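Notes follow once the structure below has been shown.
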Number of protein chains: 2
Amino acid sequence: MSGQKIRNMEEFAAASGISRPTVSKYFNDPDSVRDSTRVRIEAALDQYDYRPNIYAVNQNRRLTKNIGIVVPFLSDPFFAEIARKLETLVIAAGFRPVVLGSHGGTEQENDNLETLRSLKPAGVLLAPLGRASDKSAVETFCRHVPTVLFDSNIEDIGEAFIGSDNISFVDQTVEYLCRTGEPPSFFEMRTPANPNANKRRLAYLAAMERAGHAPDVISVEGEGWGFEEIGRRGTHDAFDAGSLTSRSILCSNDRLAIGLLAACYERGLKVGRAKGSDLRVASHDDHPFSRFTCPSLTTAAHDYDAVAEQAVKTLFELIEGGRPLSDRKELLYPARLVLRDSA
Amino acid sequence: MSGQKIRNMEEFAAASGISRPTVSKYFNDPDSVRDSTRVRIEAALDQYDYRPNIYAVNQNRRLTKNIGIVVPFLSDPFFAEIARKLETLVIAAGFRPVVLGSHGGTEQENDNLETLRSLKPAGVLLAPLGRASDKSAVETFCRHVPTVLFDSNIEDIGEAFIGSDNISFVDQTVEYLCRTGEPPSFFEMRTPANPNANKRRLAYLAAMERAGHAPDVISVEGEGWGFEEIGRRGTHDAFDAGSLTSRSILCSNDRLAIGLLAACYERGLKVGRAKGSDLRVASHDDHPFSRFTCPSLTTAAHDYDAVAEQAVKTLFELIEGGRPLSDRKELLYPARLVLRDSA
DNA sequence: CAAATTTCTTTACGCGCGTAAATTTTTGTC
DNA sequence: GACAAAAATTTACGCGCGTAAAGAAATTTG
């Protein structure tokens, strides 16, 4: 970390006693040069603290080592967490993650895709907004950049989809609730932002039918990504309208459940599986905060790690293969039931 | 959006009938060319959908239009939110935000700073980790890049600090709690990650002395950024040890309070300002989730907008001024008390 | 130890754009 | 309509690096 300042690869090459093209080769793949050469370069490296200019490196390359990671909402700890996992995996693979959040807005999602295109990424991991996505914009993007979708699927767009198996989520929660008490009503947004919500409702209906119970879907109004408030407001409205009579409620996702729990608390209702409770509440996602709700939330957890690892792995296969996968892959991981106090 | 593909500015200039240097000038500042010229360029622009190559644009420039935004923990909705606000303001100013989260790790924070340096940003908005920050690394960085610190101060580092006035936070909550009931005990982490926590404890001690009450600080163990769990665990431990006897608790921050509320719930304690409650709980930050705790959390809110706006404004003054501000500015914004149900 | 192979060096060009200098064209003023 | 000022054009070079080609040097093989 000492010595005079190195301004470019030319000077660094001179300082290390290696030719510039060889140094360039080293930076593109350290293993591509002879051991003795690598040692000399690395010795010079921590003597002079030089790093290739990132812009010069990329401008004359068709593809960079950038990997885009786009999530619909970075303020949602759920997505922040999975973005972090992806980031870590991408770095480990020697690439450079660029994390972008769409803030729940179609325009921002499109902006993010445009930004990424100008970054010439080698590939992109995209969790689309879902219903609010500009399908044609996303499709156009995917035609130009190898893209793996995750979390939320858009049919036939992207080279692959890696996500969680909503049926597995709902089957487990419904089975558990039915086995241990009253069959659940299903609590959801009428116009969910995300296609997973629809799959979960259908899975609920199917599971209830299989079990021989009458389904009961409570759909609450609300737009946008403020799920907690939508759940809270919707719960009050449903109680007021008399449409929420069940003593067993399965929420479409944890954030709605957090709002529902808040509303129940406000109404003085006791939630839990313990005797003397007014109702049981379960949900899906295992949101980072669901451990800290009152009561703690029984939910079905994503296999975060598997989804992240598989998404990254699939993307790199795509990139290295050069060509798109022959057929669009869709990989779904099952849920893991997490029993806590709410049900 | 039609027409043949444009490969570079040369071709685009030809297509629009303007010379390349003038087009270049346009992209650097649309107002720097004659109106009639701008119109022609913009006409061509949406006919051919051309964007200058971002790498070529930046490599031969001492400074880019990039603005780095670094927060200690992107999975914390609090930071995600403020990052979003900053992002929006930076875009509005015609710059290009690059948001990076440090995931609570010193190494990651240093990595982020290194990444930013290679991006040659015009300036950086940095919320440092605090105690865990590598001060000398941050200082070195700040010597090379115009940097405005926010949220968490490090003495004499960066060209300015914009934050919230911890004294105002604590004074308001303490005053409120004293006025409406028992004087509060103060609940905090023994080794907080963030310097604000120390300031809040001192402010609590001062406020209690002024009011003529005996202070009572409950410091719980725990390292890292899992504040909710630290708060929950610490609450149980404190109750078990008999060190938590107060009926009025002021938490250092909302995330600790969320954990404390969870623990109280688990112990069957009723929290709130209503008659019949076992204890009151208030806190600081107005975390996005504090609206949805059970009961909803009385807290002191940051003036998010003012902090974000001032931080961005200060940074741009710095950038445009060319030279560092004569004296390091420290600007603090007062809190706003948010009364909810917990106290 | 000579031949075959791998690795490195030298040389040279190009990427897409910023930018400076000199020149020409356009615009505004009287 | 002549003239000055403003703006656009032409020309030319450079940024820092990737990369190809050809030859020299080092390494491995038999």
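Just so we're clear, the structure is a prediction, and the values are computed from it rather than from any experiment.
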Original post:
Who passes salt bridge (Lys or Arg N to Asp or Glu O under 4.0 Å) against B/K120, sequence neighbours left out?
Top reply: none
So which protein nitrogen or oxygen atoms get under 3.5 Å of nucleotides 18-20 of chain C's nitrogens or oxygens?
residue	atom	partner	partner atom	Å
C/dG18	OP2	B/S24	OG	2.4
C/dG18	N7	B/R20	NH1	3.4
C/dG18	O6	B/R20	NH2	3.0
C/dT19	O4	B/R20	NH2	3.4

**OP:** Sequence neighbours left out, what passes side chain to side chain contact (heavy atoms under 4.5 Å, CB included) with B/D156? Give chain and number order.
**Re:** none
Subject >> Nucleic acid contacts of residues 30-42 of chain B, taken as heavy-atom distances under 4.0 Å to DNA chain D >> reply: B/S32, B/V33, B/R34, B/T37
Original post:
Can you tell me how far the CD1 atom of A/I18 sits from the NZ atom of A/K25, to the nearest 0.5 Å?
Top reply: 12.0 Å
Original post:
Counting just side-chain N and O atoms, does B/S19 come under 4.0 Å of either OP1 or OP2 of D/dT10?
Top reply: no
Original post:
Partners of A/R51 by side chain to side chain donor-acceptor pair (under 3.5 Å), sequence neighbours excluded?
Top reply: B/E114
Subject >> Atom pair distance, as rounded to whole Å: CG in B/N53 and C1' in C/dG14 >> reply: 14 Å
Subject >> Pairs meeting criterion side chain to side chain donor-acceptor pair (under 3.5 Å) with involvement of residues 70-80 of chain B, two or more places apart >> reply: A/E81-B/S75, B/D76-B/R255, B/D76-B/H287
Original post:
Of all residues at least two apart in sequence or in a different chain, which pass the salt bridge (Lys or Arg N to Asp or Glu O under 4.0 Å) check with B/D111?
Top reply: none
Original post:
Quick one: the side chain of A/Q59 and the base of D/dG16, do they pair up donor-acceptor inside 3.5 Å?
Top reply: yes
Original post:
Quick one: side chain to side chain donor-acceptor pair (under 3.5 Å) pairs with a partner in residues 86-98 of chain A, sequence neighbours left out?
Top reply: A/E87-B/H103
Original post:
If you check every side-chain atom of A/Y50, which of D/dC17, C/dT10, C/dG16 has the closest atom?
Top reply: D/dC17
**OP:** Output all residues satisfying side chain to side chain donor-acceptor pair (under 3.5 Å) with B/T37, sequence neighbours left out; order by chain, then residue number.
**Re:** none
